[in-house]
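Notes for the one structure printed next.
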Amino acid sequence: MSIQVTPDLNQVGVVSSVDTELLSLYQTQSIAVQEPELVSLLQAIRDRAAETVQQSKIPTTRDEEWRFTDLSALKSVNFQAASSSKPNLAALESLLLPEARSRLVFVNGVYAPDLSAVTLPDGIIASNLDGLPPAYHSQIKKYLAQLPGAQEVFTALNTAAIADVAIVWIPKNIVVETPIHLLFISTASNTPIVSQPRCLVVAESNSSVTLIEDYFNQMTNLEAEETEAEVGEAVYFTNAVTEIWLAENAQVNHTRIERDSPEAFHIGKTAIAQARDSRYTCTAITLGAKLSRHNLEIFQTGEQTQTILNGLTKISGNQLADTHSTLALNHPYGTSLQQHKCIVGDRAHAVFNGKIFVPKPAQQTDAAQLNRNLLLSPKARVDTKPQLEITADNVKCAHGATVSQLDDDEVFYLQSRGLNATDARNLLVNAFAAEIINQIPIPSLQQTLLKTINL
Amino acid sequence: MIVENSGTVLSVRDLTAEVEGTPILKGVNLEIKAGEIHAIMGPNGSGKSTFSKVLAGHPAYKVTGGEVIFQGNNLLEMEPEERAQSGVFMAFQYPLEIPGVTNLDFLRVAYNSRRKVQGLEELDAFDFDEIVQEKLEVVKMNPTFLNRSVNEGFSGGEKKRNEILQMALLEPKLAILDETDSGLDIDALKIVANGVNQLATPDNAILLITHYQRLLNYIVPDFVHVMADGRVITSGGKELALELESRGYDWVLEENVSEVGAK
Ligand SMILES: Nc1ncnc2c1ncn2[C@@H]1O[C@H](COP(=O)(O)OP(=O)(O)OP(=O)(O)O)[C@@H](O)[C@H]1O
Ligand SMILES: [Mg+2]
């Protein structure tokens, strides 16, 4: 691998070469699409993003946006491109959702057609780029990598490495009855690998769809004996970007689950464009990774949009989980309801930063944000920062943040009714988590997650 | 009721306990036999709730001396849940609210934890529903309370009824009711008292903590004890409660100063 040092990076001195190594990761992934028209489209998008990457630096804790999230550990690992690795379908059994009749599976960022299954009525698209009907080839460039925020370094790094895209496209007036599952699996390996999955969702006007975007490490799901004995926890880096476009009056219910290996790094971007009268719901569950960052960005492009953001972070050990959300309203009559909860154990550290912009034109906006944190140990830490910038004068905006611990008296109350201390604590933690998990419109997934939450 | 030759359910000897280094219980003695109903009265802050929480095993209270034998076993060595599972039940003076846990789930988990210890099969939601419906009758509680979060938004009286519902489900050997009558209007008081009377059997025992004689008109105690400054300073029959009601506590406190001082 050649190391290019750009003039800009030279200026930052000692960190520059490590920065460069991480920033050159995009060069490890080549385009995995056959169709010439798409190849040249991807090449153009990649080249543009590569330029951005070359002018970027990996942020440090001196950058306001990364104050609490120190990326030095990420920079110190030497990641390689994934070699091909195919888990069999049986190994994935426990991940499959009976409610979702269609799934796209990507293994280490590479589309796995034999693990995927799509049963959808004609006209609804769920495929990788090669499966995209030719009629859509020219349309795709209006959407792919077109959302604001593309300059952000990890987004650009992903874009510069786009090899393939998971595409969900719902035509006008179509209501998709069954959820679509986008499953991104990392397989453990002796060398740390990088994967940079990319999703594009287009919901045309009056359409409706339910999506589950799921990041998982296959090895963490093996039988206990096997996992402990044969492999350590997998070290890898997932740098994911998902763009979702909602046209007028479209509805997207999006569940995002990050349950990577406890030694993994996960940086994920969810960028949403909401046209007038559309409704977007996101339920983001963060459980895994040693270091995770979720950047959730909503851009309102028309009036009277509804945005519902539910978030749950449950971490322990030395995990760090950072959620940065931005809701950029620019039109009147928008409503947003955001609820983010963190359950933090051991020495783990959760970060929540929720920005809401309500500029002058966004009159009659109704925005509410609530961040509630439950600390399970004295060393657990949470940094929370609501950031509301409101210049419109006729709006309703409310926000709040709370930090609490499990109440000893509540635990005792349950014990005095016969529950042991662990069950009592679990019941209370579960109750705290359930408020978010119950928002997921997939019962089987609710059950699985509630079990995972147990201490 | 006092039953001839019945077994001892609870025996407390010279029990002392402190909270954060402050002694609260200063030598409590009490003996309760199967079938009996005891009442403890006493001024605010005399240690009545502390005593009941120590019996239930609250971790904030540190036992510094004495012993408590429950049905032949050393109660003080048991975890709070083991005490509950072996038949100690305390109705809280201030029942806690548990947001996010439905009352029905809570009751079922509690019920099943008792069954597990008894070697019985745990009941699923369906079978449990039948049992809980029947027990709702005991306290005349509306079934809609089952689907709400535990005690959340319940009125004071509803919380107390919910405590007795739990007692009805868990069928304890020893029920300690800490001011279950406080804050109840007369109709609710009758319902709760009637519920407790239905649950009293010759095999179990009930310890009522109350400030008011009114409750004792409905649940008639076999023994009345007065607690002051962390000790049971005098005991008597149900007439003692009537006397306390009309004369207050001062006379008991005065009469016992010499006695306690001589000890
Ligand atoms: N957790 C605690 N921390 C500090 N002091 C406590 C605690 N619990 C009880 N106490 C103190 O112990 C004493 C006895 O309290 P307790 O609640 O047992 O009284 P009580 O007899 O139940 O009173 P009441 O009739 O008002 O319910 C009081 O002085 C009280 O302030
Ligand atoms: Mg009290």
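Each chain gets a letter, A, B and so on, in the order its sequence line appears, and its residues count up from 1.
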More than 12 heavy atoms of other residues, nucleotides or ligands under 6.0 Å from CD of A/Q387: yes or no? yes
More than 12 heavy atoms of other residues, nucleotides or ligands under 6.0 Å from NZ of B/K135: is that the case? yes
Side chain, backbone, both or neither: which part of B/Y111 has a non-hydrogen atom closer than 4.5 Å to chain A? neither
What are the residues of residues 112-121 of chain B, in order of number, with any heavy atom under 4.5 angstrom from a heavy atom of chain A? B/S113
When you look at CD of B/Q198, are more than 12 heavy atoms from neighbouring residues, nucleotides or ligands closer to it than 6.0 Å? yes
Measure distances from B/E82 to the heavy atoms of chain A and classify the residue's part below 4.5 Å as side chain, backbone, both or neither. neither
Pair count under 4.5 Å, heavy atoms only, with chain A: among B/S86, B/P95, B/G100, highest is B/G100
Could you check whether atom CZ of A/R101 has more than 12 heavy atoms from other residues, nucleotides or ligands sitting under 6.0 Å from it? no
Residue-level interface, residues 407-421 of chain A with chain B, non-hydrogen cut-off under 4.5 Å: A/D407, A/D409, A/E410, A/F412, A/Y413, A/L414, A/Q415, A/S416, A/R417, A/G418, A/L419, A/N420, A/A421
